[in-house]
Amino acid sequence: MRYFITGTDTNIGKTVSCAWLVHQLQAFYWKPIQSGLSEGRDGDTVKALSRCSESQLIPSSYEFQAPLSPHQAAAAENQPIHLDKILEDYRRINASAPLLIEGAGGLLVPLNDQELMIDLVQALGLPTILVTRTTLGTINHTLLSLEALRHRAIPLAGVIAVGEENPANLRAIEVYGNVSIIAHLPILSPVCYERLLTIQFRTLPWTLL
Ligand SMILES: Nc1ncnc2c1ncn2[C@@H]1O[C@H](COP(=O)(O)OP(=O)(O)O)[C@@H](O)[C@H]1O
Ligand SMILES: [Mg+2]
């Protein structure tokens, strides 16, 4: 199974969630657009946190130095992002295991003058996992993202909630968003493989979705 991992924001926990899923599903990982190379690759974080092999990391289609929105990072290097190139790279992936594709930022970040991240999600046609915060403000961000996905008939595999315990917010997301929260990643201190190992799926059998 292949999933697109998006989030309600940047810095929300997409990469850590991917690391957890890579471990849980023995999945391959692909970050088609990696900006902020100056701050490291998400793939390297996934590898360190999941202890996957290098062969489970699929090279990005685009890499940019600046920690900016993809369209700005691409413009800074005069290398515009083309959806077709990403889709072509995607078609070449011969992953024998599940595949996780991590977006950049949230759903409506621009990739170029015409297209947004959600256009890539739609073109890939994969079920999406939305990573959200647990804390105040998350209900609005989560429901807005879910509405954007549904507006384009993008299938939804579920939500991963990251952060301190907040059962009321998780319940509100499930009820008002009509979605299942497949996992809650609590605050990990430190964020490391051993701590991630202890986290279980909240709803099973999730992989049948
Ligand atoms: N469950 C967690 N507990 C503690 N820190 C976390 C957790 N999840 C993510 N973080 C931290 O939050 C920051 C952003 O997480 P990351 O997964 O890189 O977000 P994104 O990929 O959405 O930009 C990182 O410093 C990461 O270590
Ligand atoms: Mg990331």
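Each ligand, and each atom within it, is numbered from 1 in the order the structure gives.
Under 3.5 Å, the side chains of T134 and N166 contain no donor-acceptor pair of N or O atoms. A side-chain donor-acceptor contact under 3.5 Å links E102 and Y29. For the residue pair Y90/R2, the side-chain donor-acceptor check at 3.5 Å is satisfied.
Using a 4.0 Å cut-off between charged side-chain N and carboxylate O, E174 and R202 make a salt bridge. The existence of a salt bridge linking K14 and D42 is excluded, since no basic side-chain nitrogen approaches an acidic carboxylate oxygen closer than 4.0 Å. In summary, D44 and K47 do not engage in a salt bridge, as defined by a charged side-chain N under 4.0 Å from a carboxylate O. By the 4.0 Å N-to-carboxylate-O rule, R51 lies close enough to E194 to be salt-bridged with it.
Checked against the 6.0 Å centroid criterion, the rings of W20 and F201 qualify as a close aromatic pair.
Not a single protein heavy atom sits closer than 4.0 Å to atom 25 (O) of ligand 1. For atom 12 (O) of ligand 1, the nearest protein heavy atom is 4.0 Å or more away. For atom 6 (C) of ligand 1, a protein heavy-atom neighbour is present inside the 4.0 Å cut-off.
Residue contacts with ligand 1, taken as heavy atom pairs separated by less than 4.0 Å, do not involve T45 at all. Of the heavy atoms in S189, none comes closer than 4.0 Å to ligand 1. Residue contacts with ligand 1 for N11 involve both N, CA, C or O and side-chain atoms from C-beta outward (heavy atoms, distance under 4.0 Å).
Residue side and main chain included, T15 places an N/O/S atom under 2.8 Å of the Mg ion (ligand 2).
Polar contact with ligand 1: absent for D9 (N/O pair, distance under 3.5 Å). When only interatomic distances are considered, the shortest N/O to N/O separation between V162 and ligand 1 does not fall below 3.5 Å.
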Passes salt bridge (Lys or Arg N to Asp or Glu O under 4.0 Å), D119 versus R152? Steps please. CA-CA 9 Å; D119 293 309; R152 293 176 180 238; 2.7 Å; yes
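The nearest protein atom to atom 1 (N) of ligand 1, hydrogens excluded, is given as P186 O, 2.8 Å; this is a heavy-atom distance. Closest to atom 27 (O) of ligand 1 among all protein heavy atoms lies V191 CG2, 3.8 Å. Closest protein heavy atom to atom 3 (N) of ligand 1: L188 N, 2.8 Å. Atom 19 (O) of ligand 1 has G13 N, 3.0 Å as its closest protein atom, hydrogens excluded (heavy atom only). What sits closest to atom 10 (N) of ligand 1 on the protein, heavy atoms only, is V16 CG2, 4.1 Å.
Near I187, meaning under 4.0 Å from any of its heavy atoms, are these atoms of ligand 1: 3 (N). For ligand 1, the atoms closer than 4.0 angstrom to any heavy atom of E102 are 21 (O).
In terms of distance to the Mg ion (ligand 2), the nearest N, O or S atom of E102 is named OE2. If you look at D42 and ask which of its N, O or S atoms sits nearest the Mg ion (ligand 2), the answer is OD2.
L111 contributes atom CG, which lies 11.0 Å from atom CD1 of I118 (distance to the nearest 0.5 angstrom). For the atom pair I81 CD1 and Y62 OH, the distance stands at 7.0 Å (nearest 0.5 Å).
At a threshold of 4.5 Å between non-hydrogen side-chain atoms, the residues V179 and L156 count as touching.
In this comparison of L185, T15, V131, the heavy atom closest to atom 21 (O) of ligand 1 sits on T15.
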